[in-house]
Amino acid sequence: MINDEAYDPHAIIDKWMKVWDELRVSEAHGLTGGHEDEPRSYVVSMFPYPSGDLHMGHAEVYSISDAIARYIRMQGGNVLNAIGWDSFGLPAENAALKRNLDPRDWTYANIETQAESFRRLGVSFDWRTRFHTSDPEYYRWNQWLFLRLFEAGLAYRKEAAVNWCPNDQTVLANEQVIGGHCERCGTAVVQRPLTQWFFKVVGHAQRMLDDMAQLEGKWPNEVLAIQRNWIGRSSGAHIDFKIADRDEPVRVFTTRPDTLFGAVFFVVAVDSPLADELCTADQREAFDAYRQQVAMATEIERLATDRPKTGVFIGRYASNPINGEPLPVYAADYVLAHYGTGAIMAVPAHDQRDLDFARAFDLPIRVVIDSGQPDPAATGEATDGDGRLVNSGDFNGLTISEGSEAITTRLESNGVGAAAVTYRWRDWLISRQRYWGTPIPIVHCQSCGLVPVPDDQLPVELPKSGYQLRPEGGKSPLESAEEWVSVACPRCGEPARRDTDTMDTFVDSSWYFLRYPNPNFTDGPFDPAGVQRWLPVDEYIGGREHSTGHLMYARWLTKALHDLGMLSFTEPFTKLTNQGQVIMNGKAMSKTLGNLVNLQEQISLFGPDAVRVTMVFAGPPEDDIDWADVSPTGAVKWLGRVWRLSGELPTQVEGTADVALRRNVHRLLADTTAAMEARRLNVAIARLMELTNVLRRAVDGQPGAANPAAREGAEALVQMLSCFAPFTAEEAWQRLGHEPSVCVAAWPKADPQLLVEDTATCIVQINGKVRDRLEVPADVSEDALRELVLNADKVRAALGEGGVDRVIVRAPKLVNIVPAR
RNA sequence: GCCCGGGUGGUGGAAUGGCAGACACGGCCGCCUUAAAAGCGGCUGCCGCAAGGCAUGCGGGUUCGAUCCCCGCCCCGGGCACCA
């Protein structure tokens with residue numbers, strides 16, 4: 001027996017890291033083929049951004065994903081638990097500016113720090129997958145993919161607004177704009193137009209929705225709901241309105257074609273080119289003044305939905321295609337230029353916004369749906385209830401849905417409209433006016449236009465010198481790298497200039513999981529054999545905050561690559577688990593707010609295993625963990641208990657295995673396994689703690705430490721523990737007399753025969769309230785149990801004189817008696 | 001306004017129609033110790049001396065039986081939002 005030393009969670013780290021490396025316990029079998037008999041499982045956590053050392057949030061994600069990976073591995077799965085770094089991005093530039101160094105140095109130094117911390121946390125990555133998105137060998141393929149999308153018409157350029165800080169003379173990312181002001185200097189941010197690159201994602205909107213059927217039940221409902229919301233599908237009709245003295249009609253989108261007869265005016269977005277074009281000379285002055293006024297409005301004013309409606313008549317009339325009625329055209333800011341067509345038909349009776357406008361401008365209000373609700377003109381409340389069409393010519397009497405269909409059909413046959421669907425989701429703006437990202441592989445040539453850099457000239461590497469991170473006049477940093485920018489046109493050979501934008505880092509993270517199986521592949525972005533072997537990702541783990549960004553883009557790119565014949569599947573992540581945040585006293589931790597709890601400090605206090613156990617035991621993975629509410633001390637105590645227990649069991653067992661103890665062990669084993677399968681990791685740990693308690697009692701009392709059942713239980717406990725606390729489990733496994741590593745042991749299996757109980761506790765209820773408990777044979781018949789229960793003393797006493805109305809018997813677990821009256 | 005979650009002891013959380021509060025944290029008590037720490041053990045939802053009663057946000061309903069299913073409401077968190 002080993003007894004007298006104390007459990008030291010720190011002393012065991014280096015020892016086992018070495019053993020694991022030597023045994024290569026974390027490596028998948030056959031990265032690009034082979035071992036097909038072993039069920040493969042591809043586990044990926046959203047890869048880290050190297051902002052410094054690992055923090056509490058990282059520890060949480062990887063504690064969860066590593067427990068899952070280790071569990072599947074012990075169940076005989078061939079697991080690829082991958083790791084890489086999302087190493088392009090703005091913080092590297094900020095750090096470089098502040099400390100006057102190369103973004104590379106900062107980035108790669110942080111990566112090394114994080115890699116070492118991962119090792120010391122005992123995360124079982126297959127390090128052969130490792131790459132960093134800022135490696136030229138990686139972003140080369142980012143560029144290659146960009147060119148394929150460009151060829152397919154999925155990458156295009158158009159003008160869009162960027163956040164501009166007039167003081168710093170620089171473009172700001174959205175997260176650098178706080179309340180409409182520059183994060184660094186506090187100056188009010190303005191919008192500035194710039195021609196930028198987009199990926200055409202909206203064309204896939206319907207498939208993004210449809211393919212969610214594949215994810216239902218495997219992704220958190222919440223994420224699917226957020227994405228549906230974000231895509232914002234609405235269906236209705238396009239309707240063309242003729243405008244007096246203009247050849248082309250103006251198209252509007254409406255979800256309510258049934259209310260077409262209620263249209264009494266027409267509105268175009270004040271900031272749209274159309275408004276400018278339609279405005280007559282008479283109204284020019286008023287229009288310009290209004291447009292000016294709207295442009296001056298701050299972001300906060302613009303976002304307030306309850307401010308009074310404003311607008312201006314622009315002198316023209318539109319003609320209602322259903323009845324030729326003339327409708328005055330207004331410019332207003334409540335109509336958005338970028339949604340639908342930037343113009344609407346206004347139906348004040350049945351749309352609150354239009355009604356507010358109509359009342360402000362004293363325009364008529366015509367009810368065309370009789371919903372039985374009070375008159376909108378009187379109440380100021382537009383009616384949106386169900387009802388029948390009125391004031392609608394031939395269509396009177398139809399229901400809303402009949403009316404919509406009939407009117408749409410009529411418009412269609414007259415060539416002035418059609419059923420239509422629009423989406424709120426916008427095309428993906430991928431241009432960034434930044435240095436530390438993937439250069440866009442396009443050359444601008446005066447005679448040839450946009451010329452793709454030929455594949456064999458990739459990668460277009462970032463210049464290592466001769467650039468400024470924040471050049472004068474707000475140019476892109478790459479624009480300042482004069483030597484780098486000047487290039488011969490690949491097509492005509494004349495002097496030309498490189499594109500100076502870099503790609504959004506979400507491009508990098510939209511396909512990294514495809515490259516992990518063969519990160520050194522040189523014939524394409526990913527090795528088809530490796531993709532065939534491992535993709536799609538079986539277990540994807542990461543934060544909910546990526547619902548509308550990363551996850552959308554990764555899903556989209558997968559579909560685009562599928563369409564290009566490069567992938568056989570359409571969804572990249574079969575199963576998604578969200579983990580919550582680690583907070584402290586109710587406050588989130590972040591770079592700006594400061595890390596209230598330091599991971600390395602926690603590790604040095606409690607050891608890596610206890611930190612991991614605390615993370616996982618705190619609650620369901622998706623819930624936030626308030627570090628003030630949890631107890632790493634408790635985790636250390638438990639691990640110490642397991643460690644001591646493992647040293648108290650003699651290698652020589654005596655006697656026959658105690659059946660009662662074995663039953664207990666196997667029941668807890670089965671319960672733990674079920675919890676692991678359901679990914680209810682906090683419950684699995686609770687069951688392991690119970691098992692620890694059971695074994696402690698068995699060792700201290702009956703049947704004693706030498707009984708084979710005690711050893712059997714301890715071995716199972718330690719094997720299962722290795723998913724959560726690998727260092728401690730190894731040490732305990734060794735103390736139990738095993739080598740070389742618990743990581744190569746299998747997950748223990750519960751013996752089904754031991755799970756069958758001879759007797760059961762029957763709950764006796766009267767009127768649903770528990771009145772007694774009886775030990776009964778597990779196979780007791782319903783009739784026998786009914787007799788048994790009705791004759792029990794407590795039941796007779798409780799029932800007294802009155803008879804019994806009915807008896808519900810659920811043998812052997814429960815009997816519920818309903819007394820007469 | 002629309003769309004998702006959620007509300008259980010002092011705390012984190014268990015229980016998805018059948019013993020509410022598993023497992024922990026915290027607290028109290030005991031053993032061990034010269035003492036402390038560690039360790040081990042006991043108690044710990046509320047009211048009540050007890051018998052017993054009351055308890056899963058509130059109010060209804062379904063059911064022999066509801067934390068769980070249904071309806072209405074309140075509160076908290078999240079997403080979208082002048083999106084036609």
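- Side-chain N/O atoms of Arg810(A) include none lying less than 4.0 angstrom from OP1 or OP2 on G18(B).
- Among the nucleotides C80(B), C64(B), A84(B), the one closest to the side chain of Val818(A) is C64(B).
- Residues forming a side chain to side chain donor-acceptor pair (under 3.5 Å) with His546(A) (at least two apart in sequence, or on another chain): none.
- Under the 90° criterion around 0 for the glycosidic angle, G9(B) counts as syn.
- Applying the side chain to side chain donor-acceptor pair (under 3.5 Å) rule to Ser631(A) yields no partners; only residues at least two apart in sequence or on another chain are considered.
- Between the Asn578(A) side chain and the Gly542(A) main chain, a donor and an acceptor come within less than 3.5 Å of each other.
- Residues that satisfy the side chain to side chain donor-acceptor pair (under 3.5 Å) test with Arg291(A), not counting sequence neighbours, are Asp276(A), Asp288(A).
- With sequence neighbours excluded, the residues forming a ring-ring contact (aromatic ring centres under 6.0 Å, His included) with Phe361(A) are Tyr330(A), Phe357(A), listed by chain and number.
- For C19(B), its base never sits under 3.5 Å from the side chain of Lys813(A) at any donor and acceptor pair.
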Report, one pair per line, the protein and nucleotides 2-12 of chain B atoms (nitrogen or oxygen only) whose separation is under 3.5 Å.
{"unit_1": "G12(B)", "atom_1": "O2'", "unit_2": "Ala618(A)", "atom_2": "O", "d": "2.6"}

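- Here Glu757(A) does not pair with Lys813(A) in a salt bridge; the nearest charged N to carboxylate O distance is not below 4.0 Å.
- In this structure, Trp638(A) reaches neither bases nor backbone, as no heavy-atom distance under 4.0 Å exists between it and the strands shown.
- For residues 762-773 of chain A, no residue pair satisfies the side-chain hydrogen bond (donor to acceptor under 3.5 Å, both in side chains) rule, not counting sequence neighbours.
- Rounded to whole Å, the separation between the P atoms of U63(B) and C68(B) comes to 16 Å.
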Which atom pairs link the protein and nucleotides 36-45 of chain B when you take only N or O atoms and keep those under 3.5 Å?
{"unit_1": "C40(B)", "atom_1": "OP1", "unit_2": "Arg641(A)", "atom_2": "NH1", "d": "2.9"}

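- Within the structure, salt bridge (charged side-chain N to carboxylate O under 4.0 Å, His left out) pairs that include any residue of residues 668-697 of chain A comprise Glu539(A)-Arg679(A), Glu648(A)-Arg696(A), Arg667(A)-Asp671(A), Arg687(A)-Glu690(A), Arg696(A)-Asp700(A) (at least two apart or interchain).
- Each of C25(B), C82(B), C19(B) was ranked by its minimum atom distance to the side chain of Ser631(A); first place goes to C25(B).
- A stem is defined here as three or more consecutive Watson-Crick or G-U pairs, each with both distances under 3.5 Å; for RNA chain B these stems are B:1-7 with B:74-80, B:10-12 with B:23-25, B:26-31 with B:39-44, B:45-47 with B:52-54, B:57-61 with B:69-73.
- Using C1' as the reference atom, U8(B) and C46(B) are 14 Å apart when rounded to the nearest Å.
- Crowding of Glu405(A) atom CD: a count of heavy atoms from other residues, nucleotides or ligands under 6.0 Å not exceeding 12.
- Closest-nucleotide positions on RNA chain B for Thr633(A) and His338(A) were compared, and the one nearer the 5' end corresponds to Thr633(A).
- Nucleotides C64(B) and G26(B) have their C1' atoms positioned 40 Å apart, rounded to a whole Å.
- Look at the P atom in both C31(B) and C54(B): the space between them is 39 Å, to the nearest Å.
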Filtered N/O pairs between nucleotides 65-67 of chain B and protein, under 3.5 Å:
none

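- Relative to the ring axis of Trp643(A), Arg735(A) places its NZ or CZ within 45° and under 6.0 Å from the centre.
- Remark: Glu222(A) engages Arg544(A) in a salt bridge (charged side-chain N to carboxylate O under 4.0 Å, His left out) (not counting sequence neighbours).
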I'd like a list of close polar pairs between nucleotides 52-54 of chain B and the protein, N/O only, cut-off under 3.5 Å.
{"unit_1": "C54(B)", "atom_1": "OP2", "unit_2": "Lys769(A)", "atom_2": "NZ", "d": "3.3"}

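- Side-chain proximity of Asn682(A) to C23(B), A14(B), A84(B): nearest is A14(B).
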